[in-house]
Amino acid sequence: MAAPAPGPGVDGPASAALLKAGRFFSRWDESDDGRVVFREGGRQGDVFYRDRWSHDKVVRSTHGVNCTGSCSWKVYVKDGIITWETQQTDYPSVGPDRPEYEPRGCPRGAAFSWYTYSPTRVRYPYVRGVLLEMYREARRRLGDPVLAWAEITGDDEKRRRYQRARGKGGLVRASWDEAIEIAAAAHVHTIKEYGPDRCAGFSPIPAMSMVSHAVGTRFMQLIGGVMTSFYDWYADLPVASPQVFGDQTDVPESGDWWDATYLMMWGSNVPVTRTPDAHWMAEVRYRGTKVVTVSPDYADNTKFADEWLPAQAGTDAALAMAMGHVVLKEHFVDKTTPFFADYIRTYTDLPMLIRLEPHDGDGDSGGLVPGKFLTAADLGHAADEDAWKTVVLDEGTGEPVVPNGSIGFRYAESGKGRWNLDLDGVTPALTMAGAPGAEDEVVEVLLPAFTAPDGSGDVLRRGVPVRRVGGHLVTTVLDLMLAQYGVQRAGLPGEWPTGYDDAATPYTPAWQAEITSVPAEQCIRIAREFATNAEESGGRSVIILGAGVCQWFHGDATYRAILALLILTGCMGRNGGGWAHYVGQEKCRPVTGWISLANALDWSRPPRTMIGTAYWYMHTGQWRNDGYSTASLASPLSTTRADENGQHTADAIALSARIGWMPFYPQFDVNPLQVAEDAVAAVNAGTAPDAATYVAEALHDGRLTAAIEDVDAPRNWPRTLVLWRSNLMGSSAKGNEYFLKHLLGTHSNVMGTENPAAPRPEHVRWHDEAPEGKLDLLLSADFRMTSTTLLSDVVLPAATWYEKHDLSSTDMHPFVHAFTPAIDPPWEAKTDFDAFHLLARKLSDLARTHLGTRRDLVSVPLQHDTPGETAQPGGRVTDWRSSGRPGTPGRTMPVFTVVERDYTAIADKLAAVGPLADTLGFTVKNVTYRLEEQTIRLARSNGVMLGGAADGRPAIDTDEKLAQAILTYSGTTNGELAVQGFRTLEERVGKPLADLAEGSEERRISFADTQTAPVPVITSPEWSGSETGGRRYAPFTVNIERLKPFHTLTGRMHFYLDHDWMLEYGEALPIYRPPLDLHRLFGEPRLGPDGSSQVTVRYLTPHSKWSIHSEYQDNLLMLSLSRGGPVVWMSPADAGAIDVSDNDWVECVNANGVFVGRAIVSHRMPAGVVYVYHAQERTIDVPKSEATGRRGGIHNSVTRLLVKPTHLIGGYAQLSYTFNYFGPTGNQRDMVSTIRKRSQEVTY
Amino acid sequence: MRVLAQLAMVMNLDKCIGCHTCSVTCKQAWTNRAGTEYVWFNNVETRPGQGYPRRYEDQDRWRGGWTLNKRGNLELRTGGRLRRLLGIFASPVQPELADYYEPWTYDYRTLTEAPLGDDFPVARPKSLITGEDTKVTWSANWDDNLGGTSQLGHLDPVVEKVRRESEEKIRFEFERTFMFYLPRICEHCLNPSCMASCPSGAIYKRSEDGIVLVDQDRCRGWRQCVTGCPYKKIYFNHRSGKAEKCTFCYPRVEVGLPTVCSETCVGRLRYLGLFLYDADAVTAAASTPDPQDLYEAQLDLMLDPSDPAVVAAARADGIPDDWIDAARRSPVYALAKTYRVALPLHPEYRTMPMVWYVPPLSPVVDLLSSQGHDAEDRATLFGAIEALRIPVEYLAELFTAGRTSTVTAVLRKLAAMRAYMRDVTLGRDPDPSIPASVGMTEESLYEMYRLMAIAKYDERYVIPTAHAEQAHDLEEIGCALDVEDGPGMYESGPFGEASGRPVPVAVETFHALRQRQTSDAPPGDLHGRVNLLNWDGNGRPEGLFPPPKDAAS
């Protein structure tokens, strides 16, 4: 301890001397200048933290929340109490030269344990006091739960009393016995009185907890109830995916971004919405991958971009069309890029021949329009399936050729071994220009365009080269594409752009600049880079797409314009290339086991599944407030050849249901149990050949009416609704206030009134007084108080994700992993599994008195990936009702089936695998898996049930056993089934496929395996990509590499869609359609400030950084890191226009309702747009609104449903219904809202 | 030369997605207790922005860190120690709660318990300090993603500084938007001004790994450390009356586990490893006259663990071989010293901070992108460094006391890595002139790429375990008697202060755990609250179950 040496030191000598003196007695080690204290040992003061870190055990679980993370977590437990969580890091490696999946997680997941003991935890069953009192009284007096329920709901005054109390507090504790008894009685009464199709259930996103989803769905399907869809309802379904690929959605795992060499993020804010995956995007840049973002605001992901294309909200398709213009011109016209040309010949419909037909619209000078695909039937081939075989022109001979692989080869006996993409040496001509066999001939075609901001259409005249084949004037899809995109070729007539800089003519780079604000030069350069990269890298340009593009009314059209870029450049079906659609695209990897057991296909078929959008649009009365007709959307070239033109949307939905396109429930104005009895009686009496024909005739002669045609009549209302794993009323309910008003019958903030001048439906009956309070029972299970539980009549306390066994998977990574309870459910919470078993047991008991065994007439539409999708050749609309004759079930109308239901055996069946698993197998995507051996194996591992209706059948009476059954019955998790499925498929395709899974026969992933560590899945025909040999999953690699057709009309990826309605609405080809003009459609104010204290803006609802939908938005940790309550992001310009400062309270108002929140003013926002984060609920810091004086709404209080008619198409190849696969989207992005500054003194 | 080992962290800001997972996992593990509601050992700031606490970088106001006095000696910015000792009973200069934020919770219970009324029940915000209704006007992360920045961004001290040079450099306009995230923990400095500020000697630096800790027993709550730390990473626990800070998760790193914030970092941007440094040279380095030279001076302290002389000296100073080996494999050494891409935060504070940052790239501005460029020209594919949106002056004010050339050199290396690797990825012949242009070899550039992009777990975290045989006294030996007036009463320190109340850690721990889950009930309504953490499963503590009245009555 010498005195500080001269030179650098601390302070001065006096102070140093004093310090020395003061510390004379201290025992620690200092630096020589007394600047730093070092200490070793004797660290009593540290023990606090050491103690705090200690814990007793760590349990693997995850979060069953509706995100696609599927992250495996370590849950720490101390003294039997969950303390906190951190991410697992033990994912199997993806290879030595790649980053890994560890750690997966996000701040929301990290905050989950807060819920376990939080004051918002639902700890006991609750029932609304008003209802409970009435129920107890009636139950005591009548001695029967079902009679008690019947009395209360049969008395309008009583019924309305508890309905009006919904959402207003007054929940009181009840016992599980009592809560379950009420729920069971409501179901038994509804089935008996109105029919099982008046019982609905909603539980989204099976992949986030398959067992919990499956057990409730299984219960619903066993009783004949209706499960409503979520993927399309959420507008997360990219309808373009089935349209183009014939597949719902199939996307690369995020680890495959690492393979990309050009990466665009288009309307997808990866760091926020794919938080655990974002690192791949950041890391791949270091490999030399260029990153480009397209976003109207400076989104989080823009930070990682090399370039940012700030396209104005909703105009993305204009940018994509212009990029397509550049790619088509530079790679298909100015020169031919062989890599692209070879690709599109084999894998796309571009060489297919399209018939040109005279345009018979009035007021036009005739001219030709593109019509239908030329088929073998047009060339005189006579078999039924020939109407389903498309045609190309052989470039060598100039003769038409019917190539393998179209849907005509998929189901017919004659197609066996020929459903493949092998061109057998034929080179299809991509264009009719210069094709051999005839002189070049050119014609002018009329093409629709929607370039005006108000969405109205006009007509483009552009020439195409043509041929005459079999008496038909035809051209190729590529020729039409070039015409559509305005890419001029020598010698063609018509109006063409003068160059890239022609701003007046669609779809040039200069034209898009005026719409999107993206400079033309930037558009050209990015398009060039994108295509050049694809050429050099063999298709490794990727576009990540998301909600910012998908959730618009015309999101499907925009997607097709973007997908066109990827398909033209040979990027689909490549590792590192193609589309990556990321919104709501969760992937239940063990799909066969999950979907079959969830739908109870082992006991009875078919299940009742419903398109959510149409269900809520009709049953919440939103159709009554719909002021537009389908005519406002139609092509300027629309003809009246299809009678639906100009219909009210409700009529379009009714037509779609009537002719077998889409489902609708309830089915008829009569209880389907009664219909089945009548039908069987008629068959037995010899008055009908079969039950289906009986129904067709009864519908024809009016003995039966479709329920949708009088949807507001009390007998056609949905009566019970079960919500679990979901927060419908606080999150996804677009038009939330209409739900409150019409479905639930409580107070609402609806401000618009039904406009008497608005068009009324023709075939859906109008009641002058709109019904309020349709539902008799709203039952929900949750672990936290949400807008939904607040509105529910009965609330069940659910176990959290750290308190149960379950399975999780996603498409973002290739693993399946487990939920494991860290603690038992505390207080009176129970797992969903246990709750539904209790409900099933009670219902079975009550059924002994009230139901017994009944027959049920089930109506389902024509389904995709079944022969039903070839029911309506040519995609022509034929309404049996206008023919004057009954329809043909399964062809021109739905499929009708009689199902027997023993209502006393529901609980027994719920707990065991039924016999149809062995006798019929389980079918996914038209591949049937034979399961006899697997069932025996499952019986051995799970044991069998003894006694009852399921005597001797494999047990699935615990959540672990159900998980085991799901894994056993799926190819991805049972190698034996994967190989078996591929062998089955080989017979149809005629190409080797089984080698993709061979060698995996012994791999049977058990539930215990998934509890040990995340387990990679096996390549299986259930999905379109290959993971064989440890490669990363990318969709459609099997199609591209093995010539297995896409599940489409042509068997190839589609640019052209020739269904009547696609032509009617002008969307046969990729096209730009502007955001809806809500001023024109609904009389909402025009966009912009109006000089007063309000400004009208686009009301966008992107996903929040601080929640996963509504989950976590009430979490104290998330609230502390954000603004602590509901917010509205605004630009400084819009805020300035109404004198709003950061954190001021504002109100977003339109006819649908009001949202109250605080403004976040930021220059990262463009003017004219506000962001109201998706799923901000009304539970946290929401004051009363000035607009209505009532509690402000959720984000969806300002939205409403708008149904796009083309999403209702069915019965036509890939445009056919499958649950969650194809159906109308509940899009909400086109909304506009008026923003007002409000009084800053709020009241609650 | 005296060789010491220092555990350090590098954060690659270029990979940070601003998700705040680090903040949440840290808070859940360490500070979700009464008294630390407002405390985030780890926080993430959006820059430009004011940070947490607000404007903590404004040392003219907060007086943190060191300056050089007239003699060229280091002096705390609050003044020489003599002056500070004389003023010890005056309130220290330190942020008030409002500069952090007033923590709050909500009346959640009303959602379940509201009686039948005429509208939706709603949970209102309640102050965790007063228990009263409150309005939320600031939070731990208020200006996240540039929220409010068009109005408040000018208060960012770095913005102020850059604008002093040129008003034009930063404008809060849509077209010129830029942002990045800055995650922050305690810097575990080599020259910690917090430690030098503590009158009680309660703050110390662990000799074996350099972690800076507050001895909870010795802390008397003077709060001088809060002032002294220019990063404002020491917090005052208003319940215990003691200072608390990031512990570098020593209970984890001692057994070879990464810190919670590192292991849970979803962006995979954190690296942990050892430096060997010359403790005898720290004062001289920290006294470097020109603040812009401090980065180099700090870098010079870091000894080459492959140098035999260093190894010999380290051994002589008692550093075990496995630690020396870990230092050789240290990713933080590689990023900071070998590749020179990681920079210290605010070296001008002269604390020699040991959390290093790789500055972020950003998109080019539209001005450049609207000009036509050859798509495959590597010079333009990724944009010129000069055209990036984040003004290099802004980054330089954070990491090099304003010397832009250092920052530009780092960004050039990142760009060169991308350009070079693009050729490799596409199977072209790699171009050796690219690494050469930034003073690197092909091999070193490739190695840097692997460390930054592939970044496997065991390459990100190279943490030697503690030598338990040396850490002989990790338990609370004899401390039970060390309470005030107890026979083993802890010595009062050189100045005889007695205003703090030393409480044995075991006692503190017990109470702290009892207060966990502070959101369980609104404050002011603590009666009957029970925390399950401390419930042993026996009996029915009051408040654990609702009163046994009939719920339906």
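Chain naming here is simple, since letters A, B, ... match the order of the sequence lines and numbering starts at 1 in each. Excluded from the calculations below are hydrogen atoms, water molecules and symmetry mates; all remaining heavy atoms, backbone and side chain alike, are included.
- Residue B:Arg176 does not touch chain A at all, counting heavy-atom pairs closer than 4.5 Å.
- A:Lys78 and A:Ser54 share a side-chain donor-acceptor pair at under 3.5 Å.
- Side-chain rings of B:Trp30 and A:Trp84 stay apart, their centers remaining 6.0 Å or farther from each other.
- Residue contact with chain A, scored on non-hydrogen atoms closer than 4.5 Å, involves the backbone and the side chain of B:Pro121 alike.
- Between B:Phe174 and A:His1163, the distance separating the two ring centers is not shorter than 6.0 angstrom.
- Residue A:Thr89 touches chain B through its side chain alone, counting heavy-atom pairs closer than 4.5 Å.
- Considering only heavy-atom pairs separated by less than 4.5 Å from chain A, the leading option among B:Thr112, B:Leu116, B:Thr25, B:Leu414 is B:Leu116.
- Heavy atoms closer than 4.5 Å to chain A are found nowhere in B:Val424, neither backbone nor side chain.
- When heavy atoms are compared at a cutoff of 4.5 Å, B:Thr110 does not approach chain A at all.
- Heavy-atom pairs under 4.5 Å with chain B were tallied for A:Val270, A:Val130, A:Thr789, A:Thr289; the largest tally goes to A:Thr289.
- With respect to chain B, the highest number of heavy-atom pairs below 4.5 Å among A:Gly1124, A:Pro271, A:Pro103 belongs to A:Pro103.
- Taking chain B as the reference chain and counting heavy-atom pairs below 4.5 Å, the highest number among A:Lys168, A:Lys1105, A:His279 is found for A:Lys168.
- Counting only heavy atoms from C-beta outward, the side chains of B:Tyr181 and A:Lys303 approach each other to under 4.5 Å.
- Note: A:Gly105 leads A:Ser537, A:Ala278, A:Ala282, A:Gly105 in heavy-atom pairs under 4.5 Å with chain B.
- Heavy-atom distances place the side chain of B:Tyr449, and not its backbone, under 4.5 Å from chain A.
- In this structure, B:Trp142 has its ring center at least 6.0 angstrom away from the ring center of B:Tyr101.
- Residues passing the side chain to side chain contact (heavy atoms under 4.5 Å, CB included) test with A:Thr116 are A:Ile82, A:Ser113, A:Arg121, A:Glu803, A:Ile823, sequence neighbours excluded.
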Given the rule in the salt bridge (charged side-chain N to carboxylate O under 4.0 Å, His left out) test, do A:Glu102 and B:Lys456 qualify, once you have shown the distances and angles that lead to the verdict? CA-CA 9 Å; A:Glu102 58 81 22; B:Lys456 302 272 184 186; over 6 Å; no
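- With chain A as the partner, the residue from B:Asp14, B:Thr247, B:Leu361, B:Ile203 showing the most heavy-atom pairs under 4.5 Å is B:Asp14.
- One distance of note links CH2 of B:Trp66 with CG of B:Asn191; it measures 5.0 Å at 0.5 Å rounding.
- A:Met1165 touches chain B through its backbone: at least one of N, CA, C or O sits under 4.5 Å from a heavy atom, while the side chain does not.
- Checked against the 6.0 Å centroid threshold, A:Trp53 and A:Tyr76 count as a close aromatic pair.
- For chain B, no part of A:Arg108 is nearby; none of its heavy atoms comes within less than 4.5 Å.
- The candidate with the highest count of non-hydrogen atom pairs below 4.5 Å against chain A, out of B:Asn145, B:Thr149, B:Leu4, B:Leu269, is B:Asn145.
- B:Cys249 contributes atom SG, which lies 10.0 Å from atom CD of B:Glu263 (distance to the nearest 0.5 angstrom).
- Contacts with chain B were tallied for A:Val272, A:Thr302, A:Leu1119, A:Thr275; A:Leu1119 has the most, counting heavy-atom pairs under 4.5 Å.
- Chosen from B:Pro125, B:Ala140, B:Gly267, the residue pairing most often with chain A at heavy-atom distances under 4.5 Å is B:Pro125.
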Tell me, with the steps shown, if A:Arg98 and A:Glu283 meet salt bridge (charged side-chain N to carboxylate O under 4.0 Å, His left out). CA-CA 9 Å; A:Arg98 298 166 163 275; A:Glu283 285 153 349; over 6 Å; no
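- With sequence neighbours left out, A:Thr120 forms a side-chain hydrogen bond (donor to acceptor under 3.5 Å, both in side chains) with no residue at all.
- Contact tally against chain A (heavy-atom pairs below 4.5 Å) for B:Thr177, B:Asp118, B:Val282: the top residue is B:Thr177.
- Per-residue heavy-atom pair counts under 4.5 Å with chain A were compared for B:Ile454, B:Ile17, B:Asn141, B:Val24, and the maximum is reached by B:Ile454.
- In summary, the side chains of A:Arg528 and A:Asn533 do not present any donor paired with an acceptor at a separation below 3.5 Å, with no hydrogens or angles considered.
- Neither the backbone nor the side chain of A:Asn301 comes within less than 4.5 Å of any heavy atom in chain B.
- In this structure, chain B has heavy atoms under 4.5 Å from both the backbone and the side chain of A:Arg1123.
- Note on A:Val1242, A:Ile1180, A:Ile1160: by heavy-atom pairs under 4.5 Å with chain B, the leading option is A:Ile1180.
- Looking at A:Leu790, the atoms closer than 4.5 Å to chain B (heavy atoms on both sides) all sit in the side chain, from C-beta outward.
- There is no contact between A:Pro826 and chain B, counting heavy-atom distances below 4.5 Å.
- In this structure, B:Cys22 and B:Thr264 approach most closely via the heavy-atom pair CA-OG1, 4.1 Å.
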